[in-house]
Amino acid sequence: MVARDAAPARPKVLETALYVDDLARAGRFYGETLGLEPMTQDSRMWALDCGPASVLLLFRRGGTLETVELPGGRIPPHDGAGPAHLAFAVAARELPAWEARLAECGVAIEARMTWPRGGESLYFRDPDGHLVELATPGLWANY
């Protein structure tokens, strides 16, 4: 009988990608509104720091349709169209401050949700129409 290795640990989401029409506009929105800081940027993408082991990638729509060759290997083509959705985890005690911050930045809250487990969510749109959520613990069984 051949011994099998133990299954690897479940992977965690490291990067979330959005495809945007204007990188500078999207970068400013996420920087000014949510305080995300750029880690790297070029003509086709920005990488924004979302905290430990979490990155928001902003790609110029249509700018990643070709394979990218780099010294360490290559990145296959990808792209996206239409409004996407992403959620950021926030502490429940900070939700009122986030609501005030959105108002300061002129960002309208589109919807609110109170979840059966006690979590709360605020929903709003970025300049490209993507649905952004700020969610407190109690949304999912694992959060």
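Residues Thr136 and Glu94 have side chains not in contact (no heavy-atom distance under 4.5 Å, counting atoms from C-beta outward). Side-chain contact check for Met45 versus Leu57: some heavy-atom pair is nearer than 4.5 Å. A heavy-atom distance below 4.5 Å is found between the side chains of Met39 and Val55.
In terms of heavy-atom proximity, Val107 sits nearest to Arg125 at CG1-O, 4.3 Å. Residues Ser121 and Glu133 come closest through the heavy atom pair OG-OE2, 2.6 Å. When every heavy atom of Trp46 is checked against every heavy atom of Ala24, the shortest pair comes out as CZ2-CA, 4.0 Å. Between Glu32 and Cys105, the closest heavy-atom pair is O-SG, 3.9 Å. Of all heavy-atom pairs spanning Leu86 and Tyr30, the tightest one is CD2-OH, 4.1 Å. Counting all heavy atoms, side chain and backbone alike, Asp128 lies closest to Ala26 at OD2-CB, 4.2 Å.
Linking Ile, Leu, Val, Met, Phe, Trp and Tyr residues whenever their side-chain heavy atoms come within less than 4.5 Å places Val90 and Leu36 in a single cluster. Leu56 and Trp98 fall within a single hydrophobic cluster, where Ile, Leu, Val, Met, Phe, Trp and Tyr are joined by side-chain heavy atoms under 4.5 Å apart, directly or via other members. Side-chain heavy atoms closer than 4.5 Å link hydrophobic residues (I, L, V, M, F, W, Y) into clusters, and following such links, possibly through other members, connects Val132 to Leu102. Follow the hydrophobic side-chain contacts under 4.5 Å out from Trp115 and you reach Leu131 in the same cluster. The hydrophobic cluster containing Met113 does not contain Leu134, counting ILVMFWY residues as joined when their side-chain heavy atoms lie under 4.5 angstrom apart, directly or transitively.
For the atom pair CD (Glu69) and CZ (Arg74), the distance works out to 6.0 Å, reported to the nearest 0.5 Å. Taking CG of Asp22 as the reference point, atom CZ of Phe29 lies at 13.5 Å (rounded to 0.5 Å). We find the CG-OG1 distance between Leu58 and Thr16 to be 10.5 Å, quoted to the nearest 0.5 Å. Here OG1 of Thr33 is found 6.5 Å from CZ of Arg101. Values are rounded to the nearest 0.5 Å.
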ask   = Taking it one step at a time, do Gln41 and Leu23 satisfy side chain to side chain contact (heavy atoms under 4.5 Å, CB included)?
value = CA-CA 9 Å; Gln41 59 194 71; Leu23 282 171; over 6 Å; no

Side chain to side chain contact (heavy atoms under 4.5 Å, CB included) between Ile109 and Glu99, worked out = CA-CA 8 Å; Ile109 294 171; Glu99 189 170 354; 3.4 Å; yes

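With hydrogens and angles disregarded, no donor-acceptor distance shorter than 3.5 Å links the side chain of Tyr143 to the backbone of Ala89. Within the 3.5 Å criterion, the main-chain N or O of Arg61 finds no donor-acceptor partner in the side chain of Asp21. One N or O on the side chain of Thr64 and one on the backbone of His78 form a donor-acceptor pair closer than 3.5 Å.
For Glu37, the CD atom sits in a loose shell: 12 or fewer heavy atoms of surrounding residues, nucleotides or ligands are nearer than 6.0 Å. Shown here is Glu66, whose CD atom has no more than 12 heavy atoms of other residues, nucleotides or ligands within 6.0 Å.
No donor-acceptor contact under 3.5 angstrom links the side chains of Tyr19 and Asp79, judged on distance only.
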